There are 2 protein chains.
Amino acid sequence: MSNNEFLNKLGEQAKKASYALASLTGQQKTALLRCIASKLTDAKANIIAANQQDVEQAKANGLSEAMIDRLLLDEPRLLSVIADIDNVIGLTDPVGSEIDSRLLDNGLRLSRRRVPLGVIGVIYEARPNVTVDIAVLALKTGNAVILRGGKETLASNKALCKVIRSAMAEQGLPEDCVQLIDNPDRSLVSGLLKLDKYVDMIVPRGGQNLQRLCAEQATIPVILGGIGICHLFVDVQADLDKAVAVIENAKVQRPTVCNALDTVLVHQTNAASFIPALCQQLATKGVSFYGCAQTQAVMANNEQQIMQATDESYSTEWLSLTLGIKVVGSLEEAVAHIRQYSSGHSESILTDNIHTASEFMNAVDSAAVYVNASTRFTDGGEFGLGAEVAVSTQKLHARGPMGLEALTTYKWLAWGDYTVRG
Amino acid sequence: MSNNEFLNKLGEQAKKASYALASLTGQQKTALLRCIASKLTDAKANIIAANQQDVEQAKANGLSEAMIDRLLLDEPRLLSVIADIDNVIGLTDPVGSEIDSRLLDNGLRLSRRRVPLGVIGVIYEARPNVTVDIAVLALKTGNAVILRGGKETLASNKALCKVIRSAMAEQGLPEDCVQLIDNPDRSLVSGLLKLDKYVDMIVPRGGQNLQRLCAEQATIPVILGGIGICHLFVDVQADLDKAVAVIENAKVQRPTVCNALDTVLVHQTNAASFIPALCQQLATKGVSFYGCAQTQAVMANNEQQIMQATDESYSTEWLSLTLGIKVVGSLEEAVAHIRQYSSGHSESILTDNIHTASEFMNAVDSAAVYVNASTRFTDGGEFGLGAEVAVSTQKLHARGPMGLEALTTYKWLAWGDYTVRG
């Protein structure tokens with residue numbers, strides 16, 4: 001079977017399976033998710049053994065410690081993945097709710113009903129927990145999924161999918177509701193991106209290269225996201241003592257994630273007093289700095305070294321204990337910098353002036369805009385969505401943290417009485 | 001200047017202009033739209049003269065009467081386009097409304113605010129009215145637009161855009177809020193589709209070839225739509241007399257549009273009585289027929305000719321007085337046919353049985369699903385949206401008739417008190 005035939009078969013099976021899912025009641029979906037949790041618990045030993053194979057292969061291939069830690073699925077982690085299924089069971093299912101029901105002048109009763117998207121393709125890296133997370137969120141909203149995980153976790157993903165599919169069968173549902181592309185051939189990713197006959201949405205969960213590949217090759221709508229070049233502007237009227245604590249939280253608490261801070265913009269009035277205090281505190285946490293010429297000037301007599309910031313450094317999502325610093329003359333200059341360099345993820349202003357806060361909120365067009373808060377809050381859990389499919393940095397369909405609703409669409413329903421258009 | 005440089009400049013100008021639009025109040029937008037209407041009225045003679053050039057060129061090039069009629073913009077049509085601006089002025093502007101404002105446990109006040117998308121690219125065919133319609137809808141929602149109309153109406157589009165841009169300037173706004181690509185080079189379309197650095201959404205208003213081109217080449221989110229292979233199922237419990245009238249409305253009232261009916265599915269119990277009556281009535285309106293073998297059999301002794309329906313005929317959006325007819329044995333068979341051949345636009349069932357109606361509505365996944373009504377209602381005006389940007393047949397962002405809200409997105413706003421994540 002050629003790759004194309006394989007993918008077409010996969011797509012056809014997924015679409016067919018999605019029809020069975022779309023008609024499930026909430027109770028049936030809960031029973032299914034409970035069954036998955038219970039079967040994953042029963043299969044713990046097998047899954048951990050499969051993951052051990054992946055870990056050994058990764059060691060043999062000389063992967064970094066950080067990479068190996070990411071792909072590890074030991075018993076505590078697996079139990080936590082299983083526990084998360086209970087959280088999803090507890091969430092309100094958006095499917096079936098009706099919006100805007102009304103009687104039109106033409107005699108039709110019109111409403112919009114939330115329905116599953118149908119088939120979702122998810123492309124992700126070496127994190128086996130994503131296999132379960134995404135399958136469970138998709139099933140909760142009545143969608144079939146085609147999964148393509150990183151080749152480094154193929155054995156783990158196969159073991160996990162096998163269990164999930166056995167739960168589907170036990171519940172009298174098509175196994176093909178959850179399908180894994182278990183051939184590491186990269187051309188299958190390109191093929192999946194063009195399977196628009198069957199797949200309704202692609203969610204790439206990975207770095208810049210994967211995002212660009214999807215944007216360029218997909219004929220299916222893609223939700224781009226997860227890249228955060230995040231800014232925080234310390235206004236002239238900010239409380240400077242509190243500002244250090246917020247910046248420390250945004251930069252240091254978890255530097256490897258997309259909502260971590262990348263660049264601080266400091267109003268020039270405060271530059272001489274604030275920047276040295278900030279750098280001194282962050283240096284104790286191991287942060288290193290790239291700064292503009294003015295930042296370097298005010299730091300000339302301090303021990304922290306400030307590397308020369310460039311266009312490239314301002315365009316970098318650090319994902320590490322590195323911080324860009326730039327002195328700006330005004331709110332407008334801060335906004336202009338953000339418009340030029342932001343990836344549209346999360347930006348924040350610290351100020352006690354309500355007009356400045358309001359102007360910043362209006363002028364900055366990113367998924368999440370904060371006043372007097374850390375950028376670290378951009379997250380489905382923190383925003384009260386209960387779950388997170390991804391963080392979208394594009395503007396269509398879903399923006400920012402995507403919860404269950406982002407896995408649904410709506411259809412218009414109209415009831416008439418043999419009604420014709422005049 | 002190369003095509004790429006030209007497009008980049010256009011995009012940069014549009015993005016910059018969009019910032020000015022995003023901060024306008026409702027009053028300012030109303031003043032702008034009034035100014036456009038008044039200037040278009042003043043420039044009537046010029047616009048009609050420009051359109052006359054297009055018409056003469058079209059005649060010289062041997063374009064069909066239908067095509068020439070489509071691109072004609074005479075005084076009554078221009079006045080109707082201008083009158084429509086008043087309708088748009090009267091619509092509620094979705095920009096600025098806030099959704100789901102609430103206080104989170106972590107101390108943040110979180111809400112979602114509707115904001116303009118930013119820059120919208122619209123690619124359309126030889127209909128000069130679209131130039132004004134789309135520009136006005138985009139401006140009403142605070143968006144900049146890049147327009148690419150059919151080359152057959154270039155003189156008309158240039159005249160219209162010149163007037164709109166002069167209104168922008170008079171209102172103290174950037175003229176580049178509305179830009180027209182006035183070079184007929186087709187490679188500019190491909191270039192526009194990849195301008196993701198500046199353009200937030202592409203709306204192709206045209207046939208299947210344009211839609212596929214956009215799906216395949218765009219790196220920007222595209223709203224596919226406007227292709228309707230629409231079905232109507234006459235259930236065993238339908239009122240057959242009323243059914244003829246509904247089908248006649250769906251097929252005959254305006255056969256050239258996307259919500260016109262393409263295929264009737266008839267329950268076999270009624271085939272022998274209903275199909276001849278239907279064909280006899282529709283034949284008086286000039287309809288011709290493609291039917292399945294059973295249709296041909298029940299029509300054997302009638303004067304209306306039934307051509308042999310094929311996979312290809314069932315996959316055709318007729319846009320003419322042609323109708324496909326297929327006899328089916330059950331609701332399930334009707335649904336299966338629709339799943340195979342529908343373009344996801346509009347489908348209808350005629351039945352007096354509430355269970356059958358409900359099952360059809362649940363099982364059919366198209367943008368609009370009707371019970372006991374003509375498919376002709378799928379339209380922004382009929383659905384009470386007040387305006388129509390396009391009819392989307394895809395599932396993300398907007399589905400079915402797209403009103404003003406489809407030209408907006410939201411951003412998350414969060415107010416804290418120097419709040420950090422624990």
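First the proteins, then the strands, lettered A, B, ... as listed; each starts at 1. The structure displayed is predicted, hence computed values, not measured ones.
The shortest non-hydrogen separation linking Ser374(B) to Val420(A) is CB-CA, 4.2 Å. Residue Arg399(A) comes nearest to Trp412(B) through the heavy atom pair O-NE1, 2.8 Å, listed as atom of the first residue, atom of the second, then distance. Closest heavy-atom contact between Arg421(A) and Gln253(B): O-NE2, 3.2 Å. Here the closest heavy-atom approach between residue Met201(A) and residue Leu396(B) is recorded as SD-CD2, 3.7 Å.
Residue Arg109(A) does not touch chain B at all, counting heavy-atom pairs closer than 4.5 Å. Looking at Asn259(A), the atoms closer than 4.5 Å to chain B (heavy atoms on both sides) all sit in the side chain, from C-beta outward. Neither the backbone nor the side chain of Ser348(A) comes within contact range of chain B, judged by heavy atoms closer than 4.5 Å. Interface remark: Ala22(A) contributes no atoms to any contact with chain B (heavy atom separation under 4.5 Å). Interface residue Val364(A): only backbone heavy atoms are found under 4.5 Å from chain B. Neither the backbone nor the side chain of Ala406(B) has a heavy atom closer than 4.5 Å to any heavy atom of chain A.
At distances below 3.5 Å, at least one donor-acceptor pair connects side-chain atoms of Lys411(A) with backbone N or O atoms of Asn362(B).
A distance of 12.5 Å separates CD of Gln217(B) from CD of Glu216(A), quoted to the nearest 0.5 Å. Here the CZ atom belonging to Phe377(A) is positioned 5.5 Å from the OG1 atom belonging to Thr419(B), to the nearest 0.5 angstrom. Expressed to the nearest 0.5 Å, how far NZ of Lys395(A) lies from CG of Asp200(B) amounts to 3.5 Å.
Counting heavy-atom pairs under 4.5 Å between each of Thr408(A), Asp379(A), Asp105(A) and chain B puts Asp379(A) at the top. Listed options Ala367(A), Ala368(A), Pro221(A), Gly384(A) were ranked by heavy-atom pairs under 4.5 angstrom with chain B; first place goes to Ala367(A).
Between Asp196(B) and Arg212(A) there is a salt bridge, with a side-chain nitrogen of the basic residue lying less than 4.0 Å from a carboxylate oxygen of the acidic one.
Considering only heavy atoms from C-beta on, Val115(B) comes within 4.5 Å of Asp365(A) through its side chain. Side chains of Leu108(A) and Tyr370(B) form a contact here, defined as non-hydrogen atoms less than 4.5 Å apart. Using a 4.5 Å heavy-atom cutoff, the side chains of Asn106(B) and Glu382(A) are in contact.
With 3.5 Å as the limit, one finds no donor-acceptor pair spanning the side chains of Asn249(A) and Tyr418(B).
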